[in-house]
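Only one structure is covered here, and it is reproduced in the block below.
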Amino acid sequence: MINPFSKLGISDDVVNAVKELGFENPTPIQEQSIPVLLEGSNDFVGLAQTGTGKTAAFGLPLLELIDFKSNKPQALILCPTRELCLQIANDIKNFSKNTQNAHVVAVYGGANIMQQLREIRNGVQIVVATPGRMLDIIGRKAIDFSSVKYVVLDEADEMLNMGFQEDINDILSTTPDEKKTWLFSATMPPEVRRIARNYMENPVELTMGTKNTGNVNIEHEYYVVRARDKYAALKRIVDFNPEIFAVVFCKTKMDTQDVAEHLIKDGYNADSLHGDLSQQQRDKVMQRFRDRNMQLLIATDVAARGIDVNNVTHVINYSLPDEIESYTHRSGRTGRAGKTGISICIINSKETGKIRQIERIIGKQFTKAELPTGFDVCEKQLFSLIHKVHNVEVNTDQIDQYIPRIMDEFSELSKEDVIKKFASLEFNRFLDYYANAPDLNASADDRGERGERGERGERGGRNFDNSNYTRLFINVGSVDEFTRGDLLGFVCNNGKISGKSVGKIDLKGVFSFIEVENDTVDALFTNFKDIKFNGRDVRIEKSGEAPVGGRGGDGGERRRGGFGGERRGGGGYGAGERRSGGGDRRSSGGGRREGGNGGGGFRDFSGRSRDDKGGNTGGSGRREGSGGERRRRS
Ligand code: AMP
């Protein structure tokens, strides 16, 4: 039987390479575009979502059209983000693994330019680039685009959203007029149309699926809640989906951090991804997410662009995007590569109009969903637990030694009694936790913020009364590779305080500020007296006051000397040391999450977040699982 990719005109070397990647049949976009692009004589506009197999749709024809005997750049692929740039370059390297003398370079900001220049000097045929770094390299006259025959503009709408229009113009002006331009975009706003008009001649236009339609594998739901209940609603949704693996979108960096911090404090396995993180931090966060060591990635639109993580079960729009068009990009993070996914919007009643607008744009209807009750969550969690117990792999070697004693303990009980007791152990706690959980669904006409409750708790979610908090300085920060979640774990573990007592975390370079509840400050200071990080004293002090941690005595001087000097004095942080610090932090996170759950691998409902009867808890065993995983690695 002829391989379907061969039928489309792809050569054996490439067919064998994609076979190894598990590509058995072309995706619809590949089926439609490969024959057109293989002709090599047309400009092309492909209106396609991410996750549809776009990269191979243009990557495979490129490999057929390029002359690999020459070492000159012949194809330039421009894309909006470093993530996407790396993915495309990697994909094309994989497709061309059997192709002799094929060289692909990824050119993107935030990485060593010298290495990229070296690769270019050594000879490449395919350059995959983000616009900023590409211009930099062009400015250095370090690349010759006179042999470029094909330019691919991938996620063109996103590049324009990100303000790359001028950069693209400048870059394209260094390529030959006769080149062919292939443009891919999820949406076709007027600006993208303009590019198509300006740079292309009678492009062949293909629309994969209905124009602007979201992926057919994605279901769209919305929940209407009062604005103040948004956070509790988010938790309720997460709790109701014990196996959730989701990207949660917020509008601003601040919201992203806030939501992530609260989730972390409430024991969820979450972290944030936004533009204020260094590239290294972003890589770390993404790696954890990819490895499924993290369950909830809280991200801004820009930071999450181009993320290609398979098996994302849900996209949650914690806030709706300003640009309705961005909704397609957000929801495209789930339902990838033939999988199904759910895109959820948590909105207030004033925003239902926006949902209707999105429906018009994506050509699909949303389902108005009701937030589960506390009881629903309990039931779901209970059966998730039962299911896990049923499927757990028994480590006979380890457990056998305890079995006689365990059997002895249970000798008086029937099998049914044991099961009942065991199930009750968790279920009672679920019930207790969710007792009197309020209905978070807002009624259609509930436009105000009718404050019917005195308690704020998590239900109010994100408001801290700052008078209850003391702002502390601590001499570790992002240069130590701490994320805010790491720092939270570090402070809580070493200071022996609950994550619930921690307010804002302001992560700086060589130091950070952290707010803690006033009545925990003394204990924190005491416990931090002898704490070291990578062999260096950790100093923690009230912001603007003398230090209480560390070896004392030099606080005044340190304050005068400034943080930079102090840190340098504190000694270097070797990579190995840093890793061990990471180990500490990881184990602290694991310990915290694990704490008090009776070793059963399930969350301690009673031990965590308190007065919100409507929220908390996220995925029992899974968090412990990942904590355990991380501990093993540290
Ligand atoms: P893309 O839209 O290029 O980012 O691709 C989305 C995902 O689909 C990636 O993980 C690809 O590896 C995968 N993929 C692309 N084409 C195929 C194919 N023909 N068969 C199976 N998986 C594919």
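Counting starts at 1 for both ligands and their atoms, in listed order. Predicted model, so just to flag it, every value in this text is computed and none were measured.
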Can Tyr150 and Trp182 be said to form a side-chain contact (heavy atoms from CB on, under 4.5 Å), step by step?
CA-CA 7 Å; Tyr150 304 97; Trp182 303 347; 3.6 Å; yes

Say whether Glu221 and Ser343, considering side chains only, have a donor N or O and an acceptor N or O under 3.5 Å apart.
no

Within reach of ligand 1, part of Gln30 (heavy-atom separation under 4.0 Å)
side chain

Ignoring hydrogens, just give me the one of Phe5, Phe23, Phe95 whose non-hydrogen atom is nearest atom 15 (C) of ligand 1.
Phe23

Should Glu24 be counted as touching ligand 1, given the test is an N or O pair under 3.5 Å?
no

Does Leu21 have a heavy atom less than 4.0 Å from any atom of ligand 1?
no

Considering residues, nucleotides and ligands other than Lys368, do more than 12 of their heavy atoms fall under 6.0 Å from its NZ?
yes

Under 6.0 Å from the CG atom of Asn391, do we count more than 12 heavy atoms belonging to anything else shown?
yes

When you compare ligand 1 with Thr52, is there at least one nitrogen or oxygen pair between them that comes in under 3.5 angstrom?
yes

Closest to atom 2 (O) of ligand 1 among Gly22, Pro28, Pro4, Gly53 (heavy-atom distance):
Gly53

Answer yes or no: are there more than 12 heavy-atom neighbours, outside Gln357 itself, under 6.0 Å from its atom CD?
yes

Which atoms of ligand 1 are found less than 4.0 Å from any heavy atom of Thr55?
1 (P), 3 (O), 4 (O)

Check the surroundings of atom CD in Gln115: do more than 12 heavy atoms from other residues, nucleotides or ligands lie under 6.0 Å from it?
yes

Where's the contact between Asn25 and ligand 1, heavy-atom distance under 4.0 Å: side chain, backbone, both or neither?
backbone

For Lys72, does the NZ atom sit with more than 12 other heavy atoms under 6.0 Å from it, leaving out its own atoms?
no

Ligand-side contact atoms (ligand 1) for residue partner Thr27, heavy atom cut-off under 4.0 Å
16 (N), 17 (C), 18 (C), 19 (N)

